[in-house]
Amino acid sequence: MAVKIKLKRLGKIRAPHYRIVVADSRTRRDGRAIEEIGLYHPVQNPSRIEVNSERAQYWLSVGAQPTEPVMAILKLTGDWQAHKGLPAPAPLLVAEPKDKRAAFEAFTKSLEGDESKGEAITQKAKKADKKADAAEAAPTESTEA
């Protein structure tokens, strides 16, 4: 029996997330798994990758073959290099949580110096002005006979 380390897809249509699983190579993508060894959430910014290194090392040592996407994930986490005896990669960057309130306040401060203040750029013409403009533009009737 050939064992593969592959991704099991979960989630909604346009919001996928995956579990890194060890399964028989003959099972379908979302089928029964022997063991779940990690998570991969590509939609989050930055992508969330969690791998149980101890279990990944064990399954790699007993001959489980990772699929291409899983191999890329294992290379990012350094598990593949540890299995092959290569130097470890640079650690993954963890995004700092963004302070939405501070960003909003900075944006509103930048608008304070603006003259527009959210009003319309062109002024609306008043009805009286329209009548006066129409009277000036209309040709005057001359009584030349």
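Positions are given from 1, in the same order as the sequence printed here.
- Residues Ile37 and Ile34 fall within the same hydrophobic cluster, defined by Ile, Leu, Val, Met, Phe, Trp and Tyr side chains chained together at heavy-atom separations under 4.5 Å.
- Scanning for side chain to side chain contact (heavy atoms under 4.5 Å, CB included) contacts around Arg29 gives Arg9, with sequence neighbours left out.
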Margin query: Please determine whether side-chain contact (heavy atoms from CB on, under 4.5 Å) holds for the pair Trp80 and Leu60, giving the CA-CA distance in whole Å, both sets of side-chain angles, and the decisive distance to 0.1 Å.
Written below: CA-CA 8 Å; Trp80 183 253; Leu60 289 170; 3.9 Å; yes
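- Considering all non-hydrogen atoms of both residues, Lys4 and Ser25 come closest at CG-CB, 3.7 Å.
- Residues that satisfy the salt bridge (Lys or Arg N to Asp or Glu O under 4.0 Å) test with Arg48, not counting sequence neighbours, are Glu50.
- Considering all non-hydrogen atoms of both residues, Ser47 and Pro42 come closest at OG-O, 3.5 Å.
- Between Arg101 and Glu105, at least one side-chain N (NZ, or NE/NH1/NH2) sits under 4.0 Å from a carboxylate O, which counts as a salt bridge.
- Taking the side chain as every heavy atom from C-beta outward, Leu7 and Ile20 approach each other to under 4.5 Å.
- Both Ile5 and Ile49 belong to a single network of hydrophobic side chains, linked directly or stepwise wherever heavy atoms of I, L, V, M, F, W or Y lie under 4.5 Å apart.
- Atoms CD and NZ, from Gln65 and Lys6 in turn, are 13.5 Å apart once rounded to the nearest 0.5 Å.
- Note on Leu10: it does not cluster hydrophobically with Val43, by side-chain heavy-atom contacts below 4.5 Å among ILVMFWY residues.
- Scanning for side chain to side chain donor-acceptor pair (under 3.5 Å) contacts around Trp59 gives Glu35, with sequence neighbours left out.
- Screening residues 13-22 for salt bridge (Lys or Arg N to Asp or Glu O under 4.0 Å), with sequence neighbours left out, gives Arg19-Glu36.
- Taking both residues in full, the closest heavy atoms of Pro16 and Ile13 are given as CD-O, 4.5 Å, listed atom of the first, atom of the second, then distance.
- Every side chain to side chain donor-acceptor pair (under 3.5 Å) that Ser53 has, sequence neighbours left out, goes to Asp79.
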Tabulate below the donor-acceptor pairs under 3.5 Å that side-chain atoms of residues 66-76 make, not counting sequence neighbours, or state none.
none

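- For Ala33 against Ala23, the heavy-atom pair with the smallest separation is CA-CB, 4.1 Å.
- Between the CZ atom of Arg28 and the NZ atom of Lys8 there is a distance of 9.5 Å, given to the nearest 0.5 Å.
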